[in-house]
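The figures that follow rest on heavy atoms only: side chains count, while hydrogens, waters and symmetry mates do not. Here, residue 1 is the first one in the sequence, and each next residue gets the next number. Not measured: the values here are computed from a predicted model.
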Amino acid sequence: SSYGKMNDANTVTLPGLTVTNYNLTEGVMNRSNKHVTELIKETLILTAAMAIVAGAVYFFLLPSHTSVSSISGLGIILSNFVPLPLSAITMILNVLLLIIGFFTCGKEFGAKTVYTSIVLPLFLALFEGSSAHGSLTDSQELDVLCYILTVSIGLSILFNRNASSGGLDIVAKIMNKYLHMDLGKAMSLSGMCVALSAAFVYDKKTVVLSVLGTYFNGIILDHFIFN
């Protein structure tokens, strides 16, 4: 036509204007590359956060023998009764909770929670294979304090990236949905239940440290998230 003509399969020429499919293809590719870059960045951040959480669990929580508001704390208690390493127990508990979470809460649980729940026991298995064993501080009280400070950094990164470490976070969300309980109270209650479970295995001092650790862990975590 006199108004415009098709020069080839990729270019249309109009009066004063040339439109090419290459620009459209380039735009799609750029968006795709940006999406991949963001996905890699997000994965690296989540992985780094879980490395911090796993390090806090293995190097501070495990030697302290306390059970401070985490599925790993419950795993430490169960390791006294089940002939499995902590990493295996944590993996089993996380997988079970993820399955329950998907059936009870549906799409609320995304790929991030699945990823972090799987990465945690993998890091624990890596640390278990290292030569580092036992307490780094030789003090139960300092171990609990170091755990609270370190794990709060990792968890605050996760929460600020709209992710979670799974475990008790899933329990809290289930309680929030079906018992209509405030999410913060649900997390505190589930954490306290785990902390009190230390009474089945350890002495009174350890139980008190577990309860106090759970309480202060929430306070410090709020500080890292909101400041």
Side-chain angles (χ1 to χ4, degrees), residues 38-76 79 85-91 93-95 97-98 109-172 187-188 190-191 194-195 209-210 212-227:
E38 288 296 322
L39 180 61
I40 293 174
K41 178 183 176 182
E42 190 75 9
T43 302
L44 290 175
I45 292 175
L46 294 180
T47 303
M50 290 310 299
I52 295 173
V53 172
V57 169
Y58 184 79
F59 293 108
F60 299 116
L61 184 62
L62 183 58
S64 74
H65 299 296
T66 55
S67 183
V68 181
S69 188
S70 71
I71 203 67
S72 300
L74 180 58
I76 292 172
S79 65
L86 177 61
S87 57
I89 295 174
T90 305
M91 173 68 86
L93 291 174
N94 272 326
V95 170
L97 286 172
L98 280 172
F109 293 89
K112 290 181 180 180
T113 302
V114 176
Y115 176 74
T116 55
S117 297
I118 294 174
V119 167
L120 175 59
L122 293 180
F123 271 118
L124 288 176
L126 179 65
F127 291 139
E128 285 172 348
S130 68
S131 58
H133 299 285
S135 173
L136 298 179
T137 67
D138 294 322
S139 168
Q140 189 179 32
E141 294 83 358
L142 288 178
D143 279 337
V144 172
L145 178 60
C146 290
Y147 168 75
I148 293 172
L149 293 173
T150 307
V151 81
S152 295
I153 295 173
L155 291 178
S156 64
I157 295 173
L158 292 175
F159 286 130
N160 285 324
R161 306 299 297 191
N162 194 30
S164 74
S165 61
L168 291 185
D169 296 346
I170 298 175
V171 175
M187 293 183 70
S188 297
S190 58
V194 173
L209 282 174
S210 297
L212 290 177
T214 298
Y215 175 73
F216 287 111
N217 183 48
I219 295 176
I220 295 176
L221 180 59
D222 285 340
H223 173 77
F224 278 119
I225 291 176
F226 298 112
N227 291 283

| message | Using modelled atom types and a 3.5 Å cut-off, is there a donor and acceptor pairing between side-chain atoms of Ser152 and backbone atoms of Leu149? | response | no
| message | Less than 3.5 Å apart, any donor N or O on the side chain of Gln140 or Ser64 sitting next to an acceptor on the other? | response | no
| query | Just by modelled atom types, is the Leu158 backbone N or O under 3.5 Å from a matching donor or acceptor in the Lys112 side chain? | reply | no
| Among all residues two or more places apart in sequence or in another chain, which pass the side-chain hydrogen bond (donor to acceptor under 3.5 Å, both in side chains) test with Tyr58? | His133
| query | So Leu124 and Met91, side-chain contact (heavy atoms from CB on, under 4.5 Å) or not? Walk me through it. | reply | CA-CA 10 Å; Leu124 288 176; Met91 173 68 86; over 6 Å; no
| query | Taking only residues two or more places apart in sequence, or in another chain, which ones meet Thr43 in a side-chain hydrogen bond (donor to acceptor under 3.5 Å, both in side chains)? | reply | none
| message | Going by the rule ring pair (Phe, Tyr, Trp, His ring centres under 6.0 Å), which residues pair with Phe123 if we only count those two or more places apart in sequence or in a different chain? | response | none
| Quick one: does Asn94's side chain get under 4.5 Å of Ile71's, heavy atoms only? | yes
| request: Say whether Thr47 and Tyr115, considering side chains only, have a donor N or O and an acceptor N or O under 3.5 Å apart. | output: yes
| field | Partner set under side chain to side chain contact (heavy atoms under 4.5 Å, CB included) for Leu122, not counting sequence neighbours | value | Ile118
| task | Name all residues meeting the side-chain hydrogen bond (donor to acceptor under 3.5 Å, both in side chains) criterion together with Asp143; count only those two or more places apart in sequence or in a different chain, and write none if there are none. | result | Ser135, Thr137
| message | List the residues meeting salt bridge (Lys or Arg N to Asp or Glu O under 4.0 Å) with Glu141, not counting sequence neighbours, and say none if there are none. | response | Lys205
